[in-house]
Amino acid sequence: MSEKKRCIGILTSGGDAPGMNAAIRAVTRTAIYNGFSVKGIYRGYKGLIDNDIVDFKTQNVSNIIQMGGTILKTARCKEFTTPEGRKIAYENMKKHGIDAIVAIGGDGTLTGARVFATEFNFPIIGIPGTIDNDLYGTDRTIGYDTALNTIMECVDKIRDTATSHERLFFIEVMGRDAGFLALNGAIAAGAEAAIIPEISTEVDQLEELINNGFRKSKNSSIVLVAESPHTGGAIHLAERVKAEFPKYDVRVSILGHLQRGGSPTAEDRILASRMGEAAISALLDDQRNVMIGVRNNEIVYVPFSKAIKYDKPINRDLLNTLKTLSI
Ligand code: ATP
């Protein structure tokens, strides 16, 4: 990064994810360590438009690594999707002397970053922060591991009652377009199956399960369902089973927003710390408009165009693992 670019703005946007605070801390401290000044931008792109921007020192990020959510708050901002909104955002950014931005968020956040950086020709570095793990070009996104562990703990608890009452449980987890949480959550918690958007569009997964008599050797069953229009969601699937197979004692549990909360796991804290540091290294390397990713445990730069454009595939071998282990 050339000499004149010395002030870095940092924001979190879209859905919050555990570990975002660890990333904010890492970006802030690495920037200050390298002689830059830092501005915290509140509520994502909304804060840029509303001029909700403050100086960030190392103390602003003390004692936050263990906290879920984001101290910078987050918001979804419609105005930023318009050229007029982005012009106001850029003017405010300039008023504060910000010459580069680190944006932490999901697909939408990176899409906004790409448009903004191209329009006004300045560097933005993205950090993937979303529990869904659905960004192409990185093996992991910040928040995914914590959410996965939360799901596993919840399913473990539900299993106690499912077993005692000999019930069939459909447990709905997040993952509108991606089945990472449902599939890996199912494996981690020893569930019978995962109904995920990637497969639901190809075959009727519920029909397959019904044809197999759910878990033949057990009286209780747990099926994880990704909340998605493609799967129909847990309530819809349970209704189908109740109507067609009254012998099953079916229950639904929707985990909802508790999946987003909680103190980040060590894995998410370390990932966020590495990615935050890497975002500043990227700026020092004169990189622009790239997302920081981790592939095979190495930091990589993924152009926004790729991270946004491509879908990240699930590992289909894991479906077989789940099937084999659920006999
Ligand atoms: P999550 O994956 O948790 O939903 P996200 O980053 O995908 O997170 P979005 O609400 O989709 O969350 O996007 C965050 C914000 O990014 C939007 O509120 C909007 O301000 C901005 N944004 C999204 N798409 C665009 C776009 N095409 N142009 C400009 N800004 C955009």
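Numbering of ligands and ligand atoms starts at 1, following listing order. Along the sequence shown, residues are numbered consecutively beginning with 1.
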Taking only heavy atoms of T130 into account, list the atoms of ligand 1 that are under 4.0 Å away from them.
-> 2 (O)
Backbone of A113 reached by a side-chain donor or acceptor of Y45 within 3.5 Å | yes
In T130, I104, T70, the residue satisfying side chain to side chain contact (heavy atoms under 4.5 Å, CB included) with D16 is T70
Do R288 and D286 sit within salt-bridge range, that is, some charged N less than 4.0 Å from a carboxylate O?
-> no
Looking only at distances, please establish whether an N/O atom of ligand 1 is found under 3.5 Å from an N/O atom of G15.
-> yes
Which heavy atom of the protein is the closest neighbour of atom 30 (N) of ligand 1, given with residue, atom name and distance?
-> G112 CA, 3.3 Å
Does Y45 reach ligand 1 with a nitrogen or oxygen that is under 3.5 Å from one of the ligand's nitrogen or oxygen atoms?
-> no
Between R43 and D50, is the closest basic N to carboxylate O distance under 4.0 Å?
-> no
Would you say the side chain of L48 lies within less than 4.5 Å of the side chain of M93, judging by non-hydrogen atoms?
-> yes
closest protein heavy atom to atom 9 (P) of ligand 1 is R76 NH1, 3.4 Å
Nearest heavy-atom pair of T138 and K312: which atoms, and what distance?
-> O-NZ, 2.7 Å
Are E91 and K95 within salt-bridge range, i.e. N to O under 4.0 Å?
-> no
Counting only heavy atoms, which portion of T81 has something under 4.0 Å from ligand 1: side chain, backbone, both, or neither?
-> both
For atom 14 (C) of ligand 1, the closest protein heavy atom turns out to be S13 OG, 3.4 Å
Sub-3.5 Å N/O-N/O distance, A75 and ligand 1 = no
Report yes if G108 has an N/O atom closer than 3.5 Å to an N/O atom of ligand 1; otherwise report no.
-> yes
Is L181 reachable from Y136 through a run of I, L, V, M, F, W or Y residues, each pair having side-chain heavy atoms under 4.5 Å apart?
-> no
Could you say whether the N/O atoms of G106 and ligand 1 ever approach to under 3.5 Å?
-> yes
Could you tell me which atoms of ligand 1, counted from 1 in the order shown, lie closer than 4.0 angstrom to a heavy atom of T109?
-> 5 (P), 6 (O), 13 (O), 14 (C), 16 (O)
re atom 17 (C) of ligand 1, the protein heavy-atom contact at minimum distance is C77 N, 3.9 Å
Side chain to side chain contact (heavy atoms under 4.5 Å, CB included) with T265: which residues, sequence neighbours excluded?
-> D145, T146, N149, E267, D268
Among all protein non-hydrogen atoms, which one is nearest to atom 26 (C) of ligand 1, and what is the separation to 0.1 Å?
-> T111 CG2, 3.9 Å
